[in-house]
Amino acid sequence: MKFEKTYNASKFENDIYKKWEKSGAFKPSNKKGAKPFTIMMPPPNATGTLHLGHAVMLALEDIMVRFHRMKGDSTLWLPGTDHASIATQNKVEKVIAVEGLTRHDMGREKFLKRVGQFVKGSQNTIRNQVRKMGSSCDWSRERYTFEPHLSTAVSEVFVRMYNDGLIYRGHRIVNWCPRCESTLADDEVTYKEERTQFYYLKYGPFVIGTVRPETKFLDKVIIVHPDDERYKESIGKKVMVPWIDGDVEATIIGDKAADMDFGTGAMTITPAHDFIDFDLAKRHGLEIIQIIDEKGNLNHHAGEFAGQNARAIRKKLVAKMTEKGLVDHIEENYVHNIALCYRCDTPIEPLVSQQWFINVDKKFKGVGEKTVGKSLKDRSIEVVRKKKVEIVPDRFEKTYFNWMENLHDWCISRQIWFGHRIPVWYCKGASTKCEPIVSAKTPLKCMNCGSKKLEQDPDTLDTWFSSGLWTFSTLGWPKNTPDLKKFHPTSVLETGYDILFFWVARMILMTQYALNEVPFKTVYLHGLVRTREGKKMSKSNPETCIDPLDMISKYGADALRLSMVIGGTPGNDIRLYEEKIAASRNFVNKIWNAARFAVMQIEEEKKQSKGTKNRKTKLSLTDKWILTLTQELIKSVTKDLENYKFSDAGSKIYDFTWNSFCAWYLEFSKGEQKNIAVLTEVLETILKLIHPFVPYVTEAIWKNLGHKDFVMLQKWPVVDKKKLFITQARELQIVVDAICAIRTLRQENAIDIVKKIPLTLVSSHSKILEEKRDAIERLGRISELTIANKMSEEIEAMKPTLRTFCAGVEVILPVSDLIDVSSQRAKNIEEIANVEKYIATLSGKLSNKNYVERAPADIISQDKDRLEEAKTRIEKLKSQSRYL
RNA sequence: GGGCAGUUAGCUCAGUUGGCUAGAGCGUCUCGUUGACGUCGAGAAGGUCACUGGUUCGAAUCCAGUACUGCCCACCA
């Protein structure tokens, strides 16, 4: 027997994956006329292991990819990893810290070597995990953002942007992480609520408020609102104020930035260490002096505190100021947000430094354009507004626009070691007037003075600069490769909504520049995976964190995939817990057993019909019913998948398989001569339709059915109108309903479910009931079944009996006098009341002039039918009550 | 402060353009093992669709407001 009693996923998965991969089935087909379908896998950071977020991503993308491949598209799913400069560097720093080393101890070169080794190991882990999930991606095209070719693309874009004036170098205030010793982009800063002291300091005649007295050493400008009656007169004046290290001359300036209602309405400013103050200083042409350095320490301006960590000396400084009588009062428990580095949670020190920026507002001539067109910002907004890029769900468009519209110039230089070096060299020759050399290739000498003493800019690029090129750098750009021509723009970008800004927006931006194209036509955003309680799963809390690999070894990859897809809708978070995965595993096992049973039937049938030609070919009522439902399933599942309704598609197949196919079709077939062709067709259609969701078990079954090829390469089922038998399908439904009614009647009256009982059915559909007599007897556990066309006196007189009525069939069950009918009587009374209420509602509706005049005709006739049905039903119920 | 979601059965969620007596899975209870599957089968109980108004013949669905929950953005010295 090829089929074991239960499906053991771990016995099949690795082997199946190897066979798929080896066969080349993951590569896009070269079939003529095949439409391209492309997904670029969002490259996981090369920092370690995959989590459930990646698992969701892989499951959804694999579903799309397998669906399109089966539909005949030339389907490319390109995998890869991201070097993730800051994240990876931090990770390796933690690793070497265990050995008591810092990156400075090792030096740049040695440290980078170590990072390289680490990345290699990490990539292997990731590759293995991606495979474990069953992802059918093309490994022959795997890419890494830091590999030579992709690095070329990075330099190329940089140089082009520089030449177009979109990249510039400037002194600006930036977010600085003193631990990473690097800048951070605005969106790489996170905020956390903090309770702290709020200090009111005496500044001459003013009282100013601050949470950071340690930045105030050099403050000598007071800002007040120009309309503030309290200070209006003093604007423009200078005053001498006693301050931390002696008297300073302070100037009073009027600016609307001062909030009259906050604190005392007066503030001093620290231009070098605060974004707002920096703007203010620029506006008023004030001096900008740095007092905190790159390590977060105070410099010589801080007097006795020089060289010490700025935040650490706060208490001591306040003590000193108190002594000098400079502290007015201190407010405790002041709530404010503290800015933190998103990679290491260190408080940010804003400071002024020289950095590289991308100008997002400058208009430029795009690729293929004759004149100067729009800015990066405007272009990126336009492509989404014009639906060249469609975001699913579309509510995220609003978020996207809001972010784009408020985008400032993007700081792209980082003082991180690991990453793409900025392709700029400075001449260190005799002349000091030489321009920096910006070049994709390492220059040999200075173009101006000919000196060979060149030094490359020590900084590296923001990691999102390179991942922003992901859709095309992976396809060979800047060369115009066949892959680039065929697969770009890509079809769908599937990712979590949490990186809409970090990545998605930047890809749109960069692709607009480099190709004057959109990177993808559709963005599908999935939600975050949460615990059953809705909490975030975090690695730091193993209690809440589920490891995808554990779940795969316990329940199988198919079960994990299914549990993450069913019940999820785009953009909404997914709650995941083990019971859910177990339920999916049960379903996977159900498919397995359905197939196992079908194969048993087929083999038995073959044995019986051996030599003879008595193979059944005529379609039974049941066959026509299941074929009809199958066509309907194909239609709606295909439509759902095309519309990114993965959960709907999955649940429909789930329901069809479990209920229509297993619970009814297979149960019916047990007592009948089988139509092997239909049984096989329906089973194989199920396997094909569900394959994108649960690739492993379907492939394992496919093989056990005797196929030599892969189910993953089968053609996607299409509706065959010749197999739609609407009337017959409806007829069989009557039988199904009747059997349900019989079962309910038995259960409600505690009639032993095993015991065979006599029964009478009265219905105008007696012909159909007659045709399915065997099935009714078997599934209803009936010993003697009487089927009558209409009520006769004899049947009427049968006593004692239990009676029920459903879907045009009256069910009459003779019982002994001893049976307790009180519960049935109560049920009957309740039901009568129920239906009477229903009739009242319906007839009320139908006698409402407004309703009859305004409602659409089909709704009215539907209600009329319902009323008739209800009336029949109540008559039956009332007549039945006489027997109770 | 601005914005976006969500609120439907004990739990997780469906419910398309307004129109079945509001559904599914899990869990619970009862009963059961009939030729695949105990990772199984049959049946039942369980809902004022958060609240208040409005539009409409008709609202879980549309509109306005309220409450609670979650998230994103901005950040006040």
Side-chain angles (χ1 to χ4, degrees), chain A residues 3 5-7 186-187 191 198 208-212 223 257-259 261-270 274-277 336-337 339 393 395-396 398-399 402-403 406 497-498 500-501 527-528 530 532 534 555 559 566-569 571-577 579-580 582-601 604 643 645 647-648 651 654-655 658 662-663 666-667 670-671 740 743-748 750-754 778-779 781 834-835 837-838 841-842 845 848-856 858-860 862-863 865-866 870:
Chain A
F3 278 98
K5 211 171 166 187
T6 48
Y7 173 67
D186 293 344
D187 46 288
Y191 292 88
F198 191 78
I208 56 154
T210 184
V211 285
R212 299 206 61 194
I223 306 284
D259 181 351
D261 301 324
F262 188 90
T264 58
M267 62 179 183
T268 61
I269 61 167
T270 314
D274 183 284
F275 282 83
I276 307 243
D277 295 359
H336 80 141
N337 283 330
R395 66 183 139 91
F396 280 99
K398 237 180 185 170
T399 323
N402 182 52
W403 187 82
N406 293 308
Y497 63 74
D498 51 327
L500 180 64
F501 306 137
L528 263 46
R530 292 177 177 279
R532 186 210 301 269
Y555 302 101
I566 290 190
T569 40
N572 292 327
D573 293 348
I574 304 148
R575 294 191 187 198
L576 191 73
Y577 38 90
E579 291 93 312
K580 223 170 170 175
S584 299
R585 186 267 324 268
N586 295 354
F587 175 62
V588 168
N589 190 58
K590 187 76 184 176
I591 306 173
W592 174 260
N593 268 288
R596 172 173 129 101
F597 181 64
V599 165
M600 282 166 66
Q601 303 250 31
E604 194 181 313
N643 292 315
K645 293 178 161 185
S647 175
D648 288 359
S651 349
Y654 181 104
D655 176 63
W658 206 304
C662 291
L666 291 184
E667 288 305 322
K670 282 178 183 172
C740 287
R743 285 171 172 170
T744 311
L745 195 63
R746 294 180 67 135
Q747 295 260 5
E748 278 175 354
I751 294 164
D752 187 352
I753 192 120
V754 196
R778 201 162 32 80
L779 300 174
R781 308 282 308 160
N834 227 336
V835 179
K837 221 165 91 190
Y838 183 45
T841 313
L842 278 176
K845 234 169 138 184
N848 182 335
K849 211 173 120 199
N850 281 327
Y851 171 68
V852 180
E853 272 170 17
R854 292 182 208 188
D858 56 321
I859 297 290
I860 294 174
Q862 201 181 60
D863 275 351
D865 291 349
R866 279 180 200 148

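Side-chain atoms are counted along with the backbone in the values below, which use heavy atoms only and exclude waters and symmetry mates. Below, read A as the first sequence line, B as the second, and so on, with proteins coming before strands; counting in each chain starts at 1.
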Pick base, sugar-phosphate or nothing for [X], based on heavy-atom distances below 4.0 Å to the nucleic acid.
{"X": "A/L779", "value": "nothing"}
{"X": "A/E667", "value": "base"}
{"X": "A/R781", "value": "base"}
{"X": "A/D259", "value": "base"}

I want to verify a distance call: between [options], whose nearest atom is closest to the [X] side chain?
{"X": "A/M600", "options": "B/G43, B/A74, B/A36", "value": "B/A36"}
{"X": "A/P856", "options": "B/C75, B/G19, B/U21", "value": "B/G19"}
{"X": "A/H336", "options": "B/U30, B/A77, B/C75", "value": "B/A77"}
{"X": "A/A583", "options": "B/C26, B/A36, B/C75", "value": "B/C26"}

Counting primed atoms plus P, OP1 and OP2 as sugar-phosphate and everything else as base, spell out the protein contacts along nucleotides 1-15 of chain B at 4.0 Å heavy-atom distance: B, S or - for each nucleotide, 5' to 3'.
---SS------SSS-
Structure string for RNA chain B in dot-bracket form, Watson-Crick and G-U at under 3.5 Å, | interchain
(((((((..((((.....[...)))).(((((.......))))).....(((((..]....))))))))))))....
Short side-chain N/O contact to [N] OP1/OP2 from [X], under 4.0 Å:
{"X": "A/W658", "N": "B/G25", "answer": "no"}
{"X": "A/R866", "N": "B/C20", "answer": "no"}
{"X": "A/N586", "N": "B/C40", "answer": "yes"}

So, taking the atom named OG1 in A/T399 and the one named OH in A/Y497, what distance separates them when rounded to the nearest 0.5 Å?
11.0 Å
